[in-house]
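Here's the structure, in structure tokens; my notes come after.
Values in this document were obtained by computation on a predicted structure and should not be read as measured data. By convention in this document, chain letters (A, B, ...) are assigned in the order of the sequence lines, proteins followed by strands, and residues within each chain are numbered from 1.
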Number of protein chains: 4
Amino acid sequence: MAQEQLHFASDYQEGAHPRILQRLIDTNLMQTPGYGTDEICESARARIREACAAPQAAVHFLTGGTQTNAIVIKAVLQPYQGVVSAVSGHVSVHEAGAIEAGGHKVMTIPSESGKISAAAVEQFVADYEGDDNKAHMVMPGMVYLSQPNEFGVLYSLEELTAISNVCRRHHLPLFLDGARLAYALACPENDVSLADIARLCDVFYIGGTKCGALLGEAVVLPNPDLIPHFFTIIKQNGALLAKGRVLGIQFDELFKDNLYAELCKTAIDCAHRIKAALQEAGLPLCFDSQTNQIFFIIDNEKMKKLGEKAVYNFGEKYDESHSIIRFCTSWATTVENTEKLCEIIKSL
Amino acid sequence: MAQEQLHFASDYQEGAHPRILQRLIDTNLMQTPGYGTDEICESARARIREACAAPQAAVHFLTGGTQTNAIVIKAVLQPYQGVVSAVSGHVSVHEAGAIEAGGHKVMTIPSESGKISAAAVEQFVADYEGDDNKAHMVMPGMVYLSQPNEFGVLYSLEELTAISNVCRRHHLPLFLDGARLAYALACPENDVSLADIARLCDVFYIGGTKCGALLGEAVVLPNPDLIPHFFTIIKQNGALLAKGRVLGIQFDELFKDNLYAELCKTAIDCAHRIKAALQEAGLPLCFDSQTNQIFFIIDNEKMKKLGEKAVYNFGEKYDESHSIIRFCTSWATTVENTEKLCEIIKSL
Amino acid sequence: MAQEQLHFASDYQEGAHPRILQRLIDTNLMQTPGYGTDEICESARARIREACAAPQAAVHFLTGGTQTNAIVIKAVLQPYQGVVSAVSGHVSVHEAGAIEAGGHKVMTIPSESGKISAAAVEQFVADYEGDDNKAHMVMPGMVYLSQPNEFGVLYSLEELTAISNVCRRHHLPLFLDGARLAYALACPENDVSLADIARLCDVFYIGGTKCGALLGEAVVLPNPDLIPHFFTIIKQNGALLAKGRVLGIQFDELFKDNLYAELCKTAIDCAHRIKAALQEAGLPLCFDSQTNQIFFIIDNEKMKKLGEKAVYNFGEKYDESHSIIRFCTSWATTVENTEKLCEIIKSL
Amino acid sequence: MAQEQLHFASDYQEGAHPRILQRLIDTNLMQTPGYGTDEICESARARIREACAAPQAAVHFLTGGTQTNAIVIKAVLQPYQGVVSAVSGHVSVHEAGAIEAGGHKVMTIPSESGKISAAAVEQFVADYEGDDNKAHMVMPGMVYLSQPNEFGVLYSLEELTAISNVCRRHHLPLFLDGARLAYALACPENDVSLADIARLCDVFYIGGTKCGALLGEAVVLPNPDLIPHFFTIIKQNGALLAKGRVLGIQFDELFKDNLYAELCKTAIDCAHRIKAALQEAGLPLCFDSQTNQIFFIIDNEKMKKLGEKAVYNFGEKYDESHSIIRFCTSWATTVENTEKLCEIIKSL
């Protein structure tokens, strides 16, 4: 039965951090105005601004990642512009065409381990600018990346700074998707702080759904002028919650007492244990991920055996007899279950 | 101060019915698959199908009203079609252009007390069909109404049946917006059941946000063939929650033990008390609303005085010295506070 | 047979002014670069800039009216904005939803004889600005009108100036649709010159299709900064002709030797004759049109009789026994045929 | 100076076949109804149906290639679907994002010399169908190719038949872009007739702009049911010409007396001469093109020298010292000028 299996398929399988549920109970009969104009949302915004060292930032709460990516991109781009992304970027492959539905091309550039580089962005822009036919082509209008990226890999501060520099030289807003940002912040290897992100990016979001909230993503605009009338845009795109405080509660708790920075430390520790077990079992990693997603190659027979005891996420066919699959730890993962999984891995 | 005032401005000012919060706690560490494919969502769907006597219905959970209206309309219409609505219909005036952003014209028809009639739909279709230039015009592609309507007024079963008949004769899907449906169901005057709606409409939604849920609207397609691939459409439009079970929990509780049908009875009782007080105070009602929204005309001086003690919703200017304002009771409204409000009204 | 009838149904029933055809022949084997970058287009642009006394203006050639209206509106508006128009404005009723397909609401305001007024625009903006819920509503983003308007009626210089002043005070770009502009310019009553339009409007187009060209509309942006990257926008919207010179030829001829200003004088003269005949026959005019469109009310029996001898354009039902129909003269209308039509009218 | 140079940059540099100009003159004062409902358009449609052996086909006239591609794709696809194309397909790279502006992803598959294969389509569909997450992805909804393709290369009847078979097995409409179809039909190597195309494809267009018309593309729907209400869709997308007969004239002439099949024979002959000259000069071809586009690799120094005497189309950088450039013959190209070009090539 499913409940006897160990679940390591994704980081949105549990509910929310208990403090969030408690806050929902504590505030339940408070009467607040709607649409995120309430005091709880204001408090959450203030905490986020402080954590990002971005006192002027606008903060908007949306409900999920695809929605946030689609709306931010649509709001930043002009109709004749596209968004530059890694081929493997989430907006390129996993949004069911949401970006294109908003009218924009995803302009893919080469990447390594899912990371784009300042040089690749520079080259792409140079190719466009140098093209005689550029007026017949989509203009690159912003750059998208995620931290950690689609494969759980981190950008270093040096890398992110270099990309930011290229973007600013070419007046391309830089958008950082932080759906799993708490997992980056919890990594010992990570040297990119929230304040760095707020300084280097033009718009980014702090993930809630995969990081201990029931739902919610907090979009941060260090300079609010980047997107005028964002409130109306959010409404028009069906992303404005009437009971906006539900989202405010998530982030007011996540950003109280440093919770967001601490929340995922166990998840990272557990991911390291799993990587060690995979190594011991001779199952090669696909990417040198520092965060909570572990992609590895496995013989199909072993995969079948593994599947009897643990729930993983299938990636794709690697070759005729091997597959790429993913384990994912979460803010709710326990060391105990992780140790059980490690034993299973070693026994394959 | 705000907290000393009586709040009767809207029905989304409180949190959720306590049973919903309890369920969130009880299920918090359950591990479920994402995107509404979990067992809680399945249970909620089964309960809704049963309540609607629509065993074949597809049920999808979205997060809010504007989102639901925009996505359903976009999914049902062909690009060259528009949606027929009352001038005062929610999709016509209060969605920040969400319907047009999806590419469709809202085609307005006359209404009385916010209600459209079978005759008005028939006439509109006849005018279109009889127009020599119809190929140069937007084709009516579906009909939208809400129960209760924008002014809290109910369609009778006879009226809804007549509209449904016209729609079916012209192959126009009929879409019922039930953002406040629980308030309709709680009315003694109401003779339209969920099963009637499922029988007479082609797509409708059961409101959660304004009816005791933290958030959520349940779209019901009695015949799922009306919108193929609706799951992907929801995803593409940024409306698919990763932790879909959060929505499933809302509706699984609301549809357990007849809660949805009972939940708003006090709200209706309180609305009747307020109407009686307004009548006693000589403040004329704008519409003969049977539900929880009460629109009335008030002298601006009295409005100012009222505003010191109670929070209402401003409608619009009536004439130089009068305004139209709205009181709104909710599933969380108490008789005690209502009585206080009635005293204030009478003392104006 | 059709060829025996007199055709007064519309102003796009004939081909083009002979000079345009001659120029097509003269230039046929010239080899020019594509997409409107050729010398003929440049010459046409220079002539239009001169005629408009707008030396800095950008001039773009598109192929038809719906296309031009849709693209200009989409290019000027932000996604959360709508276009303000008379209820009877062409963009409101006769574009098959092209404006909405571009994502924008047509926000209708009251009009008289199809003309909007500065006061009505002012009121509409004031209502929006004063609405507590304006962030939930579509923002007025530009104003649309046509000269002559949908019913052939002219704006006076005073009226246009007043509207322009309101628009500039509220930073609303003013867009003038000049699909039939040559008919306005040919009217003795007209006191609005091309230079006035270029001074008072932010974007407008000079109609070719209905004014002696095979096809084509010339969009003029007195200040090109209003729409950056308009070339790419035109391309993206499928409106860029590879053989752009075909359009350049139309306007290079129309703006040579004052042709555009002279071209429609006979049409206006003929329209006056028809109006006089209608008056004599006791058929009341619907609007006091100064240009080439004449809307009048006719008994259905007479309409039937008329239809045996002349082709008109059916407008709409007036009452049970009367209809509104339109005669339209064109740049190619002859006095001879007009006199025949007048005889028919008088004999009804 | 430019006029002394030989022009081989593209096939839309001249006007139109003289018969088309003559027809414009002959019909100039005919009065016809608008929007393509006239007798000339009807005649052109009848000729095209006959040439395609598709008696039931619907034929619609649009003005240009980007417009036609964008509208056909938007009209065929559901919002959640994308169009499958070669990476090098015109819709993928040269439409300024027109397809995405219509809301759809261009889903690229591998190609050889710009040609997709039945196997590549089959594989792409299989990958999609086999993906556990397919409901989160864009669904392939149609297949796009052009004949000749972007590099002037022809699909054989066998290849096109195989692709058609795969498409029909998977219910994917097959769309053939025939912007340069006359050049394919004029090739001795070509074994795909118009009737074959009408039999194997679900929608295609016959290019006019690049094939001797002033402007215009004829969309053919062998089974009109594929796109209901296409007239209104064309109007809504701003592609309906008021003087539709201008387009009808182009195609009525092109399809009279077998002109369309004969028109480009000289262009093909001239292209062969140029290819021979390039070979003699040791300038390698990039693709084995059978039609009027010749892509070849040239040393940058020679390119500069060539540019003084002939106008070519720049493709892209090949390596540090070489470029890829294109010569293009047209229906108006003369053997005399071609021989001059060949001499220049040989003398480089």
Side-chain angles (χ1 to χ4, degrees), chain C residues 2-3 5 7 9-18 21-22 24-25 27-35 38 62-71 95-98 100-101 179 209-210 213-215 231-243 245-247 249 311 330 332, chain D residues 2-3 5 7 9-18 21-22 24-25 27-35 38 62-71 95-98 100-101 179 209-210 213-215 231-243 245-247 249 311 330 332:
Chain C
Q3 55 269 45
Q5 286 183 303
H7 283 75
S10 72
D11 37 18
Y12 43 80
Q13 295 199 288
E14 294 94 358
H17 192 277
L21 297 187
Q22 189 56 49
L24 285 171
I25 292 165
T27 59
N28 196 42
L29 290 181
M30 258 181 78
Q31 291 181 306
T32 58
Y35 304 109
D38 61 279
L62 302 185
T63 57
T66 298
Q67 182 183 84
T68 305
N69 283 331
I71 292 178
E95 307 283 37
E100 291 85 0
T209 304
K210 293 171 177 165
L214 278 180
L215 80 168
F231 181 93
T232 305
I233 293 171
I234 291 168
K235 166 87 180 184
Q236 190 186 59
N237 285 278
L240 189 66
L241 279 199
K243 289 183 187 168
R245 77 189 200 187
V246 173
L247 297 172
I249 284 167
V311 183
S330 94
Chain D
Q3 53 271 46
Q5 287 182 302
H7 283 73
S10 72
D11 38 17
Y12 43 79
Q13 295 198 288
E14 295 94 358
H17 192 277
L21 296 187
Q22 190 56 49
L24 285 171
I25 292 165
T27 59
N28 196 43
L29 290 181
M30 259 181 77
Q31 291 181 306
T32 58
Y35 305 108
D38 61 279
L62 302 185
T63 58
T66 298
Q67 181 182 84
T68 305
N69 283 331
I71 292 177
E95 308 283 38
E100 291 86 359
T209 303
K210 292 171 177 166
L214 280 180
L215 80 167
F231 181 92
T232 304
I233 294 171
I234 291 168
K235 165 89 180 182
Q236 190 186 59
N237 285 277
L240 190 66
L241 279 197
K243 289 183 186 166
R245 76 189 201 185
V246 173
L247 297 172
I249 285 168
V311 183
S330 94

Engaged part of Ala242(C) at the chain D interface, taking heavy atoms whose separation is under 4.5 Å: both
Passing option when Gln31(D) is tested against Gln5(C), Gln13(C), Glu14(C) for side chain to side chain donor-acceptor pair (under 3.5 Å): Glu14(C)
Ile25(D) portion near chain C, given a 4.5 angstrom heavy-atom threshold: both
Phe231(C) portion near chain D, given a 4.5 angstrom heavy-atom threshold: neither
CG on Leu21(D) to CG on Asn28(C), rounded to 0.5 Å: 4.5 Å
Gln236(D) versus Ala101(C), closest heavy-atom pair with distance: CD-CB, 3.7 Å
Ala213(C) versus Lys243(D), closest heavy-atom pair with distance: O-NZ, 2.5 Å
Heavy-atom proximity to chain C below 4.5 Å, by part of Thr63(D): both
Chain C contact via Ala179(D) - side chain, backbone, both or neither, heavy atoms under 4.5 Å: neither
Closest-packed option against chain C by number of heavy-atom pairs under 4.5 Å, given Ala239(D), Ser10(D), Ala98(D): Ala98(D)
Which portion of Leu214(C) sits near chain D, non-hydrogen atoms under 4.5 angstrom: both
Chain D contact via Thr27(C) - side chain, backbone, both or neither, heavy atoms under 4.5 Å: neither
Heavy-atom pair of closest approach, residues Thr66(C) and Gly238(D): CG2-CA, 4.2 Å
Considering all heavy atoms, the nearest Arg245(D)-Gly15(C) contact: NH2-N, 2.7 Å
Toward chain C, the part of Leu215(D) with a non-hydrogen atom under 4.5 Å: side chain
